[in-house]
Amino acid sequence: MSGDHQSLALLLFSVFVAVTLGITTWVSRHRQGSAEEFYTGGRLFSPMENGFAIAGDYMSAASFLGISGLIALFGYDGMLYSVGFLVAWLVVLLLVAELVRNCGRFTMADVVATRMRERPVRIAAGTSSVAVSILYLVAQMVGAGSLVALLLGGTSEAARAWTVIGVGALMVVYVTLGGMRATTWIQIVKAVLLMAGTVALTVLVLVRFHGDFNALLNTAAERSGHGKEFLSPGLAYGGGWTARFDFISLGLALVLGTAGLPHILSRFYTVPTARAARRSVVWSIGLIGSFYLMTIVLGFGAAAVVGTAEVRASSAAGNTALPLLALDLGGGAGSTGGTVLFAVVAAIAFATILAVVAGITLASSASVAHDLYASLKKPEKPEKPRTGSSADARFGLRADSRADSRAEPRGEVAVARIAAAGIGAVAIALGLLARDLNVAFLVGLAFAVAASANLPVLLYSLFWRNFTTRGAVWSVYGGLVPAVLLVAFSPVVSGSPEAIFPGVDFHVFPLQNPGLVSIPLGFLAGWIGTVLFREHADETKHAESEVRSLTGAGAV
């Protein structure tokens with residue numbers, strides 16, 4: 001890329017960083033010492049604000065860079081990501097949003113712990129949340145590195161590494177200084193920028209083909225090198241039984257994983273009521289749905305305008321398809337329009353990465369402090385006798401449980417800030433290792449782990465009367481451990497040219513995405529842990545959580 005591209009892109013990115021740091025500094029002047037303020041922003045956001053923030057949290061580098069790149073490389077099969085990411089929100093809207101808001105306080109573990117023994121459940125859920133978050137963060141780091149490689153012509157690995165480190169450092173600053181309030185406003189600003197940039201590029205692509213989508217598809221097929229096969233299923237997932245099962249596994253992970261993502265679940269606690277949480281999801285579905293429809297146009301547009309071969313030459317994983325498309329739509333290399341449009345897209349992509357990593361880091365640090373640290377520090381308390389008003393008795397709510405929910409352990413917020421730095425360091429290290437993988441593919445792995453470890457325990461806790469503490473712990477570890485092990489011994493890590501360690505081969509699991517195996521194992525482990533042991537579910541706690549989840553009575 002020319003010096004003009006580099007200078008302008010870096011200038012625009014610097015402006016965004018300056019604005020977001022200004023937001024963080026302004027917010028940090030408000031009281032950030034309370035857990036309520038740090039984790040949820042005081043629960044003061046409106047449904048529209050939270051809907052934009054959810055969209056900003058969800059539309060990550062995988063969406064902006066990875067999906068368009070996969071469609072540019074594989075055509076029809078690449079669209080699975082667009083469809084899967086969008087359909088997943090139906091599960092969130094219908095099964096999760098309101099119930100989680102009513103039952104929880106800060107994290108997913110709060111929902112499960114309302115009717116279980118707290119320590120084992122919180123340790124298991126906290127461990128799972130951190131694992132999912134780190135996998136998701138790695139994808140964002142890889143996206144940042146790919147952008148810098150494109151800006152610098154792919155010649156400086158050192159600059160790429162320093163950029164990943166810089167992104168990690170910025171996300172730690174956002175979280176430690178501003179907490180949820182700053183993170184939310186950063187995500188809102190980023191969502192507006194991302195939607196504006198995506199709409200502009202989509203319009204330019206359609207104008208290039210005079211609004212004829214059929215002409216766009218035909219041109220994309222011609223320039224892909226695959227002909228009509230580019231527009232049919234099977235290019236990426238049609239090679240044999242392994243590829244077909246990988247297709248099913250990825251689909252399951254994408255559709256079921258969203259409801260188990262810690263940073264998405266934590267957003268439901270930033271609004272005052274369950275109704276506001278549901279309206280937030282409706283706002284986010286509108287934004288996210290329109291965005292993913294546009295990624296289809298942009299992916300095929302990159303294949304038609306830039307060419308699949310050129311996209312692959314720039315980045316084997318396709319992560320740079322969108323910036324290259326912007327460069328061509330603006331007038332090509334060396335033109336003023338191309339320089340400006342390329343720089344704008346690169347800056348928006350950087351903004352996307354920064355906003356998403358801030359949200360993920362906050363959610364994972366909350367799990368470390370609120371679930372792991374608090375559980376290990378405090379001994380489990382015996383059940384107290386039920387006391388309270390007649391209203392509490394009618395709804396099955398215990399006054400002591402509500403008082404406990406308002407208690408804020410000393411040092412918890414400080415631990416969360418320290419945890420943010422540690423999680424950032426781990427994500428940076430893994431991001432440097434996985435720098436050659438497609439970012440959407442990496443997010444698919446995170447979704448698989450979330451759907452395997454978090455979703456089963458969440459659904460069982462909300463809907464199964466006889467679910468027990470042992471079943472909850474078994475459900476989390478029964479999904480988490482197989483998912484992580486299957487990824488470790490899959491072609492993603494070794495045994496293929498695109499693997500993290502291409503020079504060695506210790507893979508024994510043939511699929512790239514573990515969801516087809518690990519998701520059923522998570523549900524099965526929870527069922528076995530519940531029915532095979534003589535542990536009786538607490539009917540009183542179940543009744544309390546059921547009333548709270550469905551009516552909001554007693555919710556924080």
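Ring planes of Phe85 and Tyr81: tilted class, angle from 30 to 60°. Between Phe52 and Trp283, the ring planes lie tilted relative to each other; the angle falls in the 30° to 60° range.
More than 12 heavy atoms of other shown residues, nucleotides or ligands fall within 6.0 angstrom of atom CZ in Phe509. Within 6.0 Å of the CH2 atom in Trp464, the count of heavy atoms belonging to other residues, nucleotides or ligands exceeds 12.
Scanning all heavy atoms of the two residues, the minimum distance from Asp57 to Val356 falls at O-CG2, 3.6 Å. Taking each heavy atom of Asn513 and Ser249 in turn, the nearest pair found is O-OG, 2.7 Å. Nearest heavy atoms, Ile123 versus Leu372: O-CD2, 3.4 Å.
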Per-pair distances, 0.1 Å, donor-acceptor, side chain in residues 420-428, under 3.5 Å, sequence neighbours excluded:
none

Using residues 469-480 as the side-chain source, report each donor-acceptor pair under 3.5 Å to any protein atom, sequence neighbours left out, with the distance given to one decimal.
from, atom 1, to, atom 2, distance (Å)
Thr469, OG1, Arg117, N, 3.0
Ser475, OG, Val457, N, 3.4
Ser475, OG, Gly522, O, 3.3

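Looking only at distances, a side-chain donor or acceptor of Ser494 sits under 3.5 Å from a matching main-chain atom of His507. Remark: the backbone N or O of Met59 is paired with a side-chain donor or acceptor of Lys190 at under 3.5 angstrom.
We find the CG-OG distance between Asp110 and Ser461 to be 12.0 Å, quoted to the nearest 0.5 Å. How far CD1 of Ile54 is from CZ of Phe268: 5.0 Å, rounded to the nearest 0.5 Å. Taking CG of Asp371 as the reference point, atom OG of Ser364 lies at 11.5 Å (rounded to 0.5 Å).
The side chain to side chain contact (heavy atoms under 4.5 Å, CB included) test applied to Thr183 returns Gln187, Ala358, Leu362, not counting sequence neighbours.
Between the side chains of Arg267 and Thr184, at least one donor N or O sits under 3.5 Å from an acceptor N or O.
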